[in-house]
Amino acid sequence: MGTYSSDDDMPLARPNGSLSIGNWLIAASILVSSSKKSRAEDIASDKSGPKKGSGMAGLSIRNGPVENGEMDLDSPSTNGSKRKSRVSIAQINYKDESESDGEPLAKRQRSKKIRESDSDDEPMVKARGNKLPPSHKETALPESSSDEQPLGVKLAKKKADIEKKAEKDIKVIRAKEAKAKAKAKATPKKAVKNESDDDLPLASSNKKRQSNGSAAKRKSTGLKKEESDSDAPISKKSKPPAAAAKGKKATPAKDTKDSKKGKSKEASEDDEEEFEWWNAPKREDDSIKWQNLEHNGVLFAPEYEPLPKHVKMYYDGQPVTLSLEAEEVATFWVAMMTAASTHHLDNPIFRKNFFADFSDFIKKYGAKDAKGNKIDIKSLERCDFSKMQEYWAAKNEAKKSMTKEEKAAAKAEKDALEAPYLHCTWDGRKQKVGNFRVEPPSLFRGRGEHPKTGKVKTRVLPEQITINIGKGAKVPTPPAGHKWKAVQHDQKATWLAMWQENINGAYKYVMLGAASDVKGQSDFKKFEKARELKKYIDKIRRDYTKDLKSEIMADRQRATAMYLIDKLALRAGNEKDTENEADTVGCCSLKYEHISLQPPDQVTFDFLGKDSIRYNETARVDPQVFKNLKLFKKPPKTDGDDLFDRLNTSQLNKHLNSYMPGLTAKVFRTYNASHTMSELLKQLGSDPRSRGTIAEKVKLYNDCNRKVAILCNHKRTVGAGHEQQMQKLGDRIKGLRYQKWRTKKMILDVEPTQKKKKGAAYFERDEDLDDEWIKEHQQFLIDEQRTKITKKFEKDNEKLTANKERPMPEKELKERLQAIKELEAKFKKENKTGKVEAEGRGPTVEKLLVAIDKIDERIRVLETQAEDRDGNKEVALSTSKIVSLINTPVGAANTEDANNRPQNYIDPRLTVVFSKKFDVPIEKFFSKTLRDKFRWAIKSVEDAEDWEF
DNA sequence: CTGGGTACTTAGTAATCCTAGC
DNA sequence: GCTAGGATTACTAAGTACCCAG
């Protein structure tokens with residue numbers, strides 16, 4: 001309800017008015033209609049180009065003043081411009097209701113002059129003057145009737161609370177910090193686990209000094225963890241002065257515990273010792289990534305193996321002999337026919353692009369008919385790849401049915417081939433390489449409505465590959481007869497090899513695997529940065545809340561965008577090349593048509609975001625945000641125009657950077673996800689279930705995880721697949737109940753007197769088992785049996801063939817299928833007479849009763865399972881409600897579930913701490929690879945139950 | 001700025017592995 | 001043993017961010 005309503009803004013008095021209310025999440029109402037649209041429709045509608053209002057089109061006024069009537073004749077009149085384009089409309093009357101509020105927007109318009117100038121970034125700082133916000137009452141959400149509210153709303157409230165708390169917490173932290181600092185001045189610090197280089201100059205600049213968080217905390221009395229960066233602990237251990245820079249000398253010094261083998265891990269290569277960089281001193285200059293780098297280059301895709309002569313494509317029914325090159329392209333197409341997902345092949349754009357490229361190959365390399373005459377391939381529809389496909393399928397089949405030994409041999413061969421590329425040596429340490437394989441040629445599968453989807457991604461030659469390697473290292477030998485495009489020794493780059501792909505000219509890099517030190521370090525850095533944001537978030541929020549009313553349009557837009565990014569976890573929204581990429585947006589690139597406003601304070605977003613995933617949600621926003629959005633949509637703006645015509649991601653990030661070095665829009669996602677998770681986990685302490693079984697605890701954790709996922713609208717949910725599964729489960733249960741009923745009837749068949757004994761009711765059929773359903777179910781059972789028998793038959797035959805025996809004739813199959821006929825007849829009879837003949841040998845009432853018990857048991861099991869899922873469904877459902885059914889593309893797998901959640905945003909140390917604190921093995925949360933990837937997190941807070949985000 | 005170029009993270013989906021339940 | 005379906009991994013597309021020259 002009226003959550004935010006009134007307090008709106010009394011401008012001066014409460015500068016931040018209602019802002020901190022965070023409904024990160026969105027409230028409820030979803031536009032049913034939109035959520036129902038099919039994906040295709042969405043896309044179609046999204047497509048609708050901008051309608052250009054009369055002559056005024058894209059005037060590029062991006063941050064500049066606009067005079068009325070001025071029009072830029074050059075600018076394109078549509079925003080279909082090719083490159084990264086953003087078109088804004090000319091003269092918009094920005095006067096508006098800047099600050100005010102309560103009144104109807106319409107009438108407000110007092111013309112305040114708003115300078116349109118761009119210059120204004122400044123205000124921020126000075127904005128500061130105001131009094132602090134009355135922190136909470138205003139932030140609190142009215143509790144009221146929330147009961148019925150959708151999960152999202154409740155979560156929103158939670159988020160609001162968390163935000164509030166964040167503000168408070170930070171004050172505490174600051175106070176502590178201040179104290180500590182003061183103390184530090186006076187006395188040297190106590191030892192800290194790693195010697196942080198804090199005292200190092202740290203360059204005045206804003207070098208990113210990420211606090212070395214993890215360290216300090218536990219020992220410090222303060223406990224509250226904060227990164228002490230400010231002062232340098234003089235660790236007890238050796239101090240690593242400049243050494244750090246060198247990377248190599250890692251410090252042996254770890255404190256107490258894990259000083260496993262104490263030798264210093266030198267750069268010496270064979271040292272298998274694990275390098276615990278998280279215990280090593282920070283380097284002051286991390287732009288140099290390595291001193292020495294050795295690796296064996298890349299593994300190329302295998303050569304194309306031509307099809308046997310008799311396997312051909314047919315055109316208009318005639319066999320075609322394709323040139324090798326063209327044949328290979330055809331196989332790319334064929335390869336996609338087999339997969340369960342034909343959907344690409346049905347996509348008209350995909351077909352068109354494929355065919356255009358295929359034709360080119362044919363033109364260039366040729367295709368002949370049976371007589372050897374050159375032929376023209378004019379249409380994809382007339383191409384018949386079925387023979388090729390059969391061959392392909394057979395080959396796959398053969399592979400599958402290899403014997404164990406054969407499979408093992410194949411694997412051994414493959415391993416041997418890969419072995420040299422698996423690892424590299426990075427400053428003397430062996431590190432796993434991530435994608436050492438050069439991407440093989442194939443058809444480009446651009447997502448969403450990508451204009452180039454279906455085009456041929458060509459084979460990459462050594463001549464296109466640049467190698468990055470240490471100066472002293474041996475340069476990998478390119479395949480015989482070839483050479484590398486270039487070999488460089490860039491110590492600031494972390495990639496080992498690079499090339500550009502032919503479709504979009506995108507760069508492809510061979511980098512280290514997720515479990516490597518460099519990747520771990522940057523992950524660590526990412527989370528430390530997010531933790532650091534904690535210290536600034538309150539001010540940032542206060543400022544943008546204030547700027548929501550700025551008279552400077554650019555500032556107001558920026559503040560509004562920040563609000564959305566912070567509360568709704570929108571992505572930054574860089575500009576994109578509208579012509580050669582799918583048309584998707586993020587915050588800064590939202591367009592007029594992507595939001596619609598429902599007074600008094602609801603905004604519905606409907607756009608395609610990253611990966612063309614639809615974001616369709618309705619959120620309740622701060623009234624000022626609502627007003628701003630309305631203002632930003634004011635005529636003459638119309639479809640196709642940028643909502644934030646005076647803002648782009650660089651400006652936004654530049655502004656953010658002024659608060660904290662290294663702060664960018666994406667940090668908000670990390671911060672909000674991790675921080676929220678942290679708070680949720682904390683609250684778990686008071687939940688009795690947190691003292692329950694492992695399974696219960698895991699579930700609790702997963703629930704938190706799930707909430708965060710929802711809050712961030714991170715991973716999407718459910719989808720048709722899930723629903724279907726539920727359905728299936730339900731049907732299985734129903735089927736069992738049907739069998740139970742049949743079994744009961746059998747009792748009557750054996751001993752009619754039981755009817756009296758047990759009472760007629762006992763033999764009644766469940767109500768929902770109506771005739772129609774039963775018929776259907778019977779059919780299902782019959783079909784199931786049939787396929788089973790057929791399959792078995794085929795299998796048996798295969799075995800016989802393999803043993804060189806003669807296969808059974810079709811007749812045998814027929815005979816076996818006879819059983820189906822009987823089954824059919826039996827059902828028919830049952831349906832007619834309402835009786836069921838007892839099955840099995842020597843059926844007795846006792847035996848039947850036992851059977852019934854067994855069925856009951858199974859029903860119970862399934863029901864529990866269903867309930868389990870129901871719990872999930874609860875979330876899933878709500879999620880889908882909140883998220884408003886992001887349509888899952890057909891056939892799309894249903895991702896999101898307890899496991900693969902916001903893995904990229906939640907600090908793994910939170911999970912580790914939870915695991916320790918509640919005594920749940922970490923394996924329950926992280927799979928093997930994840931444990932490897934998060935080794936740093938696991939080890940660094942191993943004995944620090946009190947580590948906090 | 002702007003636009004091109006580059007490096008690196010995030011994320012959907014396909015392929016493969018694994019396991020519970022016949 | 002076999003298989004369906006969930007879990008995990010592999011692959012690579014699609015973002016973000018930042019730098020620099022004009």
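A quick note: this is a predicted structure, and the numbers were derived from the prediction, not measured. Every chain is numbered from 1, with letters handed out A, B, ... down the list of sequences.
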Side chains of Tyr701(A) and Thr911(A): is there a donor and an acceptor less than 3.5 Å apart? yes
Earlier contact from the 5' end, DNA chain B, for Asp490(A) and Lys526(A): Asp490(A)
Is the shortest side-chain N/O distance from Lys576(A) to OP1 or OP2 of dG15(C) below 4.0 Å? yes
Nearest to the side chain of Arg669(A), which nucleotide is it out of dT9(C), dG12(B), dA11(B)? dA11(B)
Taking only side-chain N and O atoms of Lys519(A), does any of them lie within less than 4.0 angstrom of OP1 or OP2 on dT9(B)? yes
Which pairs, with at least one residue in residues 502-515 of chain A and sequence neighbours excluded, count as a salt bridge (charged side-chain N to carboxylate O under 4.0 Å, His left out)? Glu439(A)-Lys508(A)
On DNA chain B, nearest-nucleotide positions of Lys289(A) versus Lys411(A): which is more 5'? Lys289(A)
Can you list, in residue-number order, the parts of residues 494-503 of chain A that come under 4.0 Å of DNA chain B, counting heavy atoms only? Thr494(A), Trp495(A), Met498(A)
Minimum-distance nucleotide (side-chain atoms of Ala572(A) versus dT9(B), dT16(C), dG15(C)): dT16(C)
Tell me which residues in residues 432-440 of chain A put a heavy atom below 4.0 Å from DNA chain C, sorted by number, or none. Arg437(A), Glu439(A), Pro440(A)
His295(A) side chain to Asn468(A) backbone, donor-acceptor under 3.5 Å: yes
Closest approach to the side chain of Lys457(A), judged atom by atom: which nucleotide of dT12(C), dA17(C), dT8(C) is it? dT12(C)
